[in-house]
Amino acid sequence: MSDYLNELNPEQREAVLHVTGPLMIIAGAGSGKTKVLTTRIAHLMASGVDSFRILALTFTNKAAKEMKERVEKILGNNESRNLYIGTFHSVFARILRAEASKVGYPTSFTIYDTDDAKSVLKTVINELHLDDKIYKPSTVYGRISSAKNALVTAEDYANDYALQQEDARANRPAISQIYTAYAKRCFKNGAMDFDDLLLQFYLILKNHPDALHKYQHKFNYIMIDEYQDTNPAQYEIIKLLGAAHENICVVGDDAQSIYGFRGATIENILLFRKDYDDVKLVKLEQNYRSTKQILQVANEVIGNNKGQIEKQLWTENGEGEKIKLVRTMTDNDEGKFIADSIQEQKLRNHYFNKEFAILYRTNAQSRAFEEALRRMNLPYTIFGGISFYQRKEIKDYIAYLRVIVNSQDEEALKRIINYPIRGIGKTSLDKLILVANEQNISFWEVLTKASSFGFRAGTLEAIEQFVTMIKSFTSMLKNNNAYDVAFHVGKQTGLVKELFNDKSTEGVQRFENVQELLNSIKEWVDDKQNRAQIDEDGVVMQEEQAPFDAENSQPKSDVDFSENSLQDAIPNRPLREDVLLSAYLQQISLLTDSDQKDESADTIKMMTIHAAKGLEFSCVFAVGLEEMLFPNAMSINSREELEEERRLFYVVITRAKQRLWITYANTRYKFGQVVQNEPSRFINELPEDAIDKSFAGGGFRNQTGGPSASDRMRGWGGQGTATTGQKTYYTEPKKQPEQPGYLPINPSPNKPIVHQPSADFVASDTTDLKAGQRVEHQKFGFGEVLKMEGAAHNPIATIKFELNGEKKIMLNYAKLRIIS
DNA sequence: CGACTGAGTCGGTGG
DNA sequence: GACTCAGTCG
């Protein structure tokens with residue numbers, strides 16, 4: 001049991017053995033930080049600390065999951081399930097569910113993601129008759145988010161003279177007004193945005209001594225991962241929670257602080273020692289990840305930043321290869337170069353696909369790599385960008401579920417009120433919203449009382465049907481699990497069928513996505529039900545491992561799980577609260593793309609540098625090292641921001657275990673236009689002796705039929721010092737021939753196949769149209785009426801066209817010729 | 001009412 | 001280049 005200590009170096013052991021009182025661990029990249037954290041938790045438990053009393057907060061679900069698994073492995077028992085391990089947001093969301101009433105929120109409050117929040121802002125800005133060109137939702141969102149992260153409520157904001165002045169100078173004097181209206185609207189909707197999860201929890205702790213007392217004594221030991229990324233809200237919460245016992249252990253690396261834009265302040269880690277008396281400080285400086293060459297480059301680069309905590313990373317690993325600096329003509333050439341290099345490395349050094357990562361500054365850069373890898377038939381996974389839950393069809397489906405759980409959720413209601421089409425269009429919607437505002441009641445209330453607000457008969461009928469349907473769903477909530485409700489909803493609303501009937505390429509994809517959503521809900525429920533009953537009080541943070549695996553579209557098996565020997569499945573167990581729809585919704589809103597995709601698959605990984613923090617790869621391509629891109633144009637105007645960009649560069653370098661390429665292009669496309677960029681200033685900070693400026697390719701011929709590698713001009717530039725001169729990796733700008741079976745291009749699958757109307761085409765009177773009749777449509781051609789629906793004054797026919805598949809046709813507008 | 005189209009916009013990183 | 005939005009037409 002105690003051999004876990006033998007696997008640690010002296011500093012690591014020192015950190016693990018410090019049990020009582022504040023502890024700060026400065027953990028350099030690759031220094032075994034997670035190992036120390038997990039061993040420390042295991043040690044606490046082995047020393048008799050009750051596992052229910054330990055709280056560990058991380059920034060990603062993945063980190064939380066890994067910690068939990070590793071503790072379990074060390075201890076070899078089930079005790080770790082009692083730990084409170086999770087992300088700040090998910091742990092706080094869970095606690096808020098229990099405490100929401102203290103801030104006037106319903107227990108099953110909705111969590112708004114960024115898109116939802118911006119949508120609310122847009123509504124609010126319009127209602128205040130403000131110009132949404134000046135008050136762009138994303139800009140305003142950023143401002144409000146910063147305020148919340150600094151624990152400034154709407155009221156505080158309105159009373160803060162300095163903030164008003166700032167906004168006035170920025171020509172946005174109404175921000176405060178918008179913030180107030182936004183907060184009010186979210187509250188009315190029973191919804192919290194991401195920042196509210198911190199702010200509201202803070203307010204509860206601050207204003208409710210009983211709650212503070214409760215959680216202070218629940219969490220006797222607190223551990224914080226990535227402390228350098230905490231913002232003031234997180235900082236204050238930690239401080240409050242830890243004040244009673246001061247058993248706070250923070251782990252971080254000031255050199256890897258890269259989240260300033262979401263309010264993280266590096267001061268939190270720099271000043272930790274001032275916050276508590278007798279802070280024990282441990283530095284982990286031995287790196288177990290990278291080669292000496294890589295580490296030398298990293299140290300050199302970060303040395304250009306001022307005001308760091310003194311430390312020097314070192315390693316016993318081998319010297320390794322020099323870092324390869326690559327310059328290409330265009331962003332597409334950059335992609336081709338990397339695809340070639342990967343292919344070559346695989347052949348020469350027998351790497352797996354999963355040992356490569358392409359790491360970029362912005363998500364938009366992924367496309368060139370995607371195309372290049374596809375051309376070479378190299379499998380890849382992109383992390384980030386639009387996640388599964390942001391897809392329209394998924395958001396629509398989930399909007400139904402949200403409305404059922406929380407009918408006050410106006411955002412969700414607006415999404416589904418006319419989806420599938422039920423004849424409540426924009427005009428009706430505007431009126432509904434208007435009434436809600438005039439009467440100062442919720443959108444839902446207007447719907448339920450629609451008859452008193454003078455809607456047209458057809459619209460009223462549609463509204464009433466909708467309300468009845470939603471109510472019938474709501475009545476299912478208590479006695480059915482999330483999956484059963486969701487399945488029923490898909491069926492009853494016609495949502496699934498509608499998608500099924502759409503046979504376009506995208507339509508099929510959408511249908512599959514919805515299938516996938518349902519599968520994932522099913523697995524989530526099964527997973528929960530399989531877990532043994534545990535102590536009520538300890539309803540553990542089970543960071544739901546993503547039930548959904550976007551890449552393989554295969555349901556994940558429970559193999560993982562059995563290893564944890566958690567299951568003593570009780571058949572027909574009564575419905576537990578944690579399989580309810582509300583619990584499901586709560587957690588999915590906090591999942592990220594990385595949580596949903598399988599990182600262990602043998603594919604090349606592509607993601608932003610931000611998303612790559614905490615990960616490591618044998619071979620790393622740090623790409624797009626160009627002025628305006630990296631460092632980003634937005635960040636070159638202040639020393640602080642520039643230093644954060646440099647830390648980002650440091651982070652990407654230290655992701656590499658064995659080989660590192662740093663690439664940049666002379667020109668690249670931005671918004672469809674070619675722009676020319678200077679090489680990044682960071683390139684000049686690389687130590688000459690660790691950099692290989694000669695070419696790293698060599699003899700490899702690609703298989704795509706384009707110019708072979710050796711035909712290309714290629715090489716290294718930038719410094720102009722290389723004796724070989726400024727060669728560049730370059731391909732002729734001519735298009736490569738399209739390959740069959742590849743990039744399946746169907747430019748507009750939704751475009752109807754055009755039908756030439758018959759010469760004698762005359763629109764018929766369709767008032768008595770019935771299912772089974774044959775008709776001709778001016779554009780869609782011949783077809784058969786499958787069914788009739790809609791109100792009498794606005795009949796809708798579903799017609800199956802020979803050329804264009806099933807379509808819903810509104811008879812008031814379409815010209816149809818009845819044939820039989 | 002809603003599908004289509006052309007013009008305008010997108011500043012970057014994420015829970 | 002991809003997406004959103006306002007205006008048009010069936």
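Labels below follow one simple rule: chain letters A, B, ... track the order of the sequence lines, proteins then strands, and each chain is numbered from 1.
The main-chain N or O of A:Ile175 is never found under 3.5 Å from a side-chain atom of A:Tyr135 such that the two would form a donor-acceptor pair.
Nucleotide B:dG14 holds its P atom 6 Å from the CZ atom of A:Phe261, rounded to whole Å. Computed from coordinates, the A:Lys395 NZ to C:dC3 C1' distance equals 16 Å when rounded to whole Å. When the P atom of B:dG2 is taken as reference, atom CZ of A:Arg422 falls 11 Å away, rounded to whole Å. The NZ-C1' distance, from A:Lys670 to B:dG12, rounds to 9 Å in whole Å. Between A:Gln673 atom CD and B:dG8 atom C1' there is a gap of 14 Å when expressed in whole angstrom units. To the nearest angstrom, P of C:dC5 lies 10 Å from NZ of A:Lys133. The interatomic distance linking A:Lys392 (NZ) with C:dA2 (P) rounds to 20 Å, in whole Å. A straight line from CE of A:Met607 to P of B:dG14 spans 11 Å, rounded to a whole angstrom.
When each of A:Arg415, A:Lys414, A:Arg402 is paired with A:Asp409, the salt bridge (charged side-chain N to carboxylate O under 4.0 Å, His left out) condition holds for A:Arg402 and for no other.
Residue A:Tyr141 is classed as a base contact, given a heavy-atom separation below 4.0 Å to a base. Contact annotation for A:Gly672: base contact, defined as any heavy-atom pair under 4.0 Å involving a base atom. Among the protein residues, A:Tyr669 comes within range of no part of the nucleic acid, since none of its heavy atoms lies under 4.0 Å from any strand. Backbone-only engagement by A:Lys122 is indicated by non-hydrogen atom pairs under 4.0 Å involving sugar-phosphate atoms exclusively. If you check every strand for non-hydrogen atoms under 4.0 Å, A:Gln234 touches nothing. The residue A:Ser635 sits close to a base: some heavy atom pair falls under 4.0 Å.
For B:dG11, the OP1/OP2 oxygens have no side-chain nitrogen or oxygen of A:Lys136 closer than 4.0 Å. At B:dG14, one or more side-chain N or O atoms of A:Thr608 fall inside 4.0 Å of OP1 or OP2 (strictly under the cut-off).
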Practice problem: In sequence, state the C-alpha distance, the side-chain angles, and the governing distance for A:Tyr227 and A:Ile238, and then conclude on side chain to side chain contact (heavy atoms under 4.5 Å, CB included). | Solution: CA-CA 11 Å; A:Tyr227 191 65; A:Ile238 296 162; 4.1 Å; yes

Quiz item: Run the salt bridge (Lys or Arg N to Asp or Glu O under 4.0 Å) check on A:Lys62 and A:Glu66 step by step: do they pass?
Solution: CA-CA 6 Å; A:Lys62 201 196 288 168; A:Glu66 190 189 350; over 6 Å; no

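Of the candidate nucleotides B:dG12, B:dG2, B:dG15, B:dG12 has the atom lying nearest to any side-chain atom of A:Thr362. Checked against B:dG15, B:dC10, B:dG2, the side chain of A:Asn418 finds its nearest nucleotide in B:dG2. In the set B:dA3, C:dA2, B:dG14, C:dA2 carries the atom at the smallest distance from any side-chain atom of A:Arg367. Considering only the side chain of A:Phe671, C:dG1 comes nearest among C:dG1, B:dG14, B:dG2. Comparing B:dT13, B:dG12, B:dG15 against the side chain of A:Asn363 picks out B:dT13 as the nearest.
Comparing A:Ser428 and A:Ala611, the nucleotide of DNA chain B nearest to each residue sits closer to the 5' end for A:Ser428. Toward the 5' end of DNA chain B, the nearer of the two residues A:Ala633 and A:Lys426, judged by each one's closest nucleotide, is A:Lys426.
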Quiz item: Please, what dot-bracket string fits DNA chain B when only Watson-Crick and G-U pairs with both distances under 3.5 Å count, crossing ones use [ ] and pairs to another strand use |?
Solution: ||||||||||.....

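Evaluation of A:Tyr259 against the base of B:dT13 yields no stacking contact (centre distance < 5.5 Å, interplanar angle < 30° required).
Under the 6.0 Å distance and 45° angle rule, A:Lys431 counts as a cation-pi partner of A:Phe455.
Under 3.5 Å, the side chain of A:Gln365 and the base of B:dG12 form no donor-acceptor pair of N or O atoms. Put simply, the side chain of A:Asp195 and the base of B:dG15 share a donor and an acceptor less than 3.5 Å apart. Counting atom types as modelled, A:Arg361 pairs a side-chain N or O with a base atom of B:dT13 as donor and acceptor under 3.5 Å.
In terms of the side-chain hydrogen bond (donor to acceptor under 3.5 Å, both in side chains) criterion, residue partners of A:Glu226 (sequence neighbours excluded) are, by chain and number, A:Lys33, A:Gln228, A:Lys613. For A:Asp131, the side-chain hydrogen bond (donor to acceptor under 3.5 Å, both in side chains) criterion is met by no residue, not counting sequence neighbours.
A heavy-atom distance below 4.5 Å is found between the side chains of A:Leu429 and A:Ile433.
Atom CG in A:Leu57 sits 8.5 Å away from atom OG in A:Ser90 (nearest 0.5 Å).
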